[in-house]
Amino acid sequence: MNPSQTITEHPTRTNLLDAGLRLAQTTSLAKLSVNQIVREAGVAKGTFYVHFPDRDSYLVALHGRFHETLNESIATATDRMPYGRSNLQTGISAYLDGCLQKRELKALLVEARVDPAIQTAVQERNQSYYAAIAQNLAAMGWSNALIAARLLVTMVAEAALIEMEKGETDTAVRQTLWQFLRTHPTT
């Protein structure tokens, strides 16, 4: 898996995104408003628009923040590991654990997927996941590694949703994922 690039942000922009993270614990996307965000952040409404042209761009940034944090966890967990099954399993575990730690935000972002701006961000983010996972699958002998990576991303996303609903690690879900990873690529 690839290490992510850290984006340096303006403190007020960071404060606005942090406010969204806090609000995600109690507010659905449909009810999340710019007024709530600025009230939670303790800034004027005009300040919001200095950093984000609209609510959609804010949601895209919130989505990006969530995945940057996940990517940092994955990069730390897989640092210096050779490509292959162990790297992939460690990275997936870090992703799933990160989703569980930010359950409320993950729920908000799942809800946001119906928004075209978020759909584009999800597709772009998934492309980077496909490439990273495909390197591991190729090292494991998969000839159609990019196709397998796309399928695996879908399985991992579903595993994250299952664990999110349960509110904790689901051993059976993870063991099933690991079983897929043990599948010989030529069968």
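What's counted below: heavy atoms across the whole structure, side chains too, no hydrogens, waters or symmetry copies.
- For the residue pair Val60 and Ala121, the shortest heavy atom distance occurs at CG1-CB, 4.1 Å.
- Rounding to the nearest 0.5 angstrom, the gap separating the CD1 atom in Ile162 from the CE atom in Met155 is 11.5 Å.
- When all heavy atoms are compared, the tightest approach of Ala145 to Ala134 is CB-O, 3.5 Å.
- Applying the side-chain hydrogen bond (donor to acceptor under 3.5 Å, both in side chains) rule to Asp97 yields the partners Arg174; only residues at least two apart in sequence or on another chain are considered.
- Proximity of a side-chain donor or acceptor of Ser57 to a complementary backbone N or O of Asp54 within less than 3.5 Å is detected.
- Across every non-hydrogen atom of Arg182 and Gln175, the tightest pair is NH2-O, 4.5 Å.
- Of the possible polar contacts, one joining the Ser33 side chain to the Gln36 backbone as a donor-acceptor pair under 3.5 Å is found.
- Under the 4.5 Å side-chain contact rule for hydrophobic residues, Val34 and Leu62 share a cluster.
- Proximity of His63 to Phe66: side-chain heavy atoms (C-beta onward) are nowhere separated by under 4.5 Å.
- Between the Asn136 side chain and the Gly84 main chain, a donor and an acceptor come within less than 3.5 Å of each other.
- Nearest heavy atom pair, residue Ala149 against residue Ile133, reads CB-CG2, 3.7 Å.
- Side-chain atoms of Leu152 and Leu181, non-hydrogen and from C-beta on, do get closer than 4.5 Å to each other.
- Both Leu59 and Val43 belong to a common hydrophobic cluster when Ile, Leu, Val, Met, Phe, Trp and Tyr are linked at side-chain heavy-atom distances under 4.5 angstrom.
- Between Leu137 and Leu88, some side-chain heavy-atom pair lies under the 4.5 Å cut-off.
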**OP:** Could you give me the CA-CA distance, side-chain angles and deciding distance for Leu100 and Thr169, then say whether side chain to side chain contact (heavy atoms under 4.5 Å, CB included) is met?
**Re:** CA-CA 8 Å; Leu100 273 175; Thr169 299; 3.6 Å; yes

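- Using modelled atom types, no side-chain atom of Thr76 and backbone atom of Ser73 make a donor-acceptor pair closer than 3.5 Å.
- Judged purely by atom type and a 3.5 angstrom limit, Arg85 has no side-chain atom pairing as donor or acceptor with the backbone of Met140.
- Within the structure, every pair that satisfies the ring-ring contact (aromatic ring centres under 6.0 Å, His included) test and touches residues 29-49, not counting sequence neighbours, is listed here: Phe48-Phe52, Phe48-Tyr58.
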Only distances under 3.5 Å count here; give the side-chain donor-acceptor pairs of residues 15-22 to other protein atoms, sequence neighbours excluded, each with its distance to 0.1 Å.
from, atom 1, to, atom 2, distance (Å)
Asn15, ND2, Ala41, O, 2.9
Asp18, OD1, Arg65, NH1, 2.9
Arg22, NE, Glu40, OE2, 2.7
Arg22, NH2, Glu40, O, 3.4

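- Side-chain contact check for Arg125 versus Asn71: some heavy-atom pair is nearer than 4.5 Å.
- With hydrogens and angles disregarded, a donor-acceptor distance shorter than 3.5 Å links the side chain of Asp170 to the backbone of Val173.
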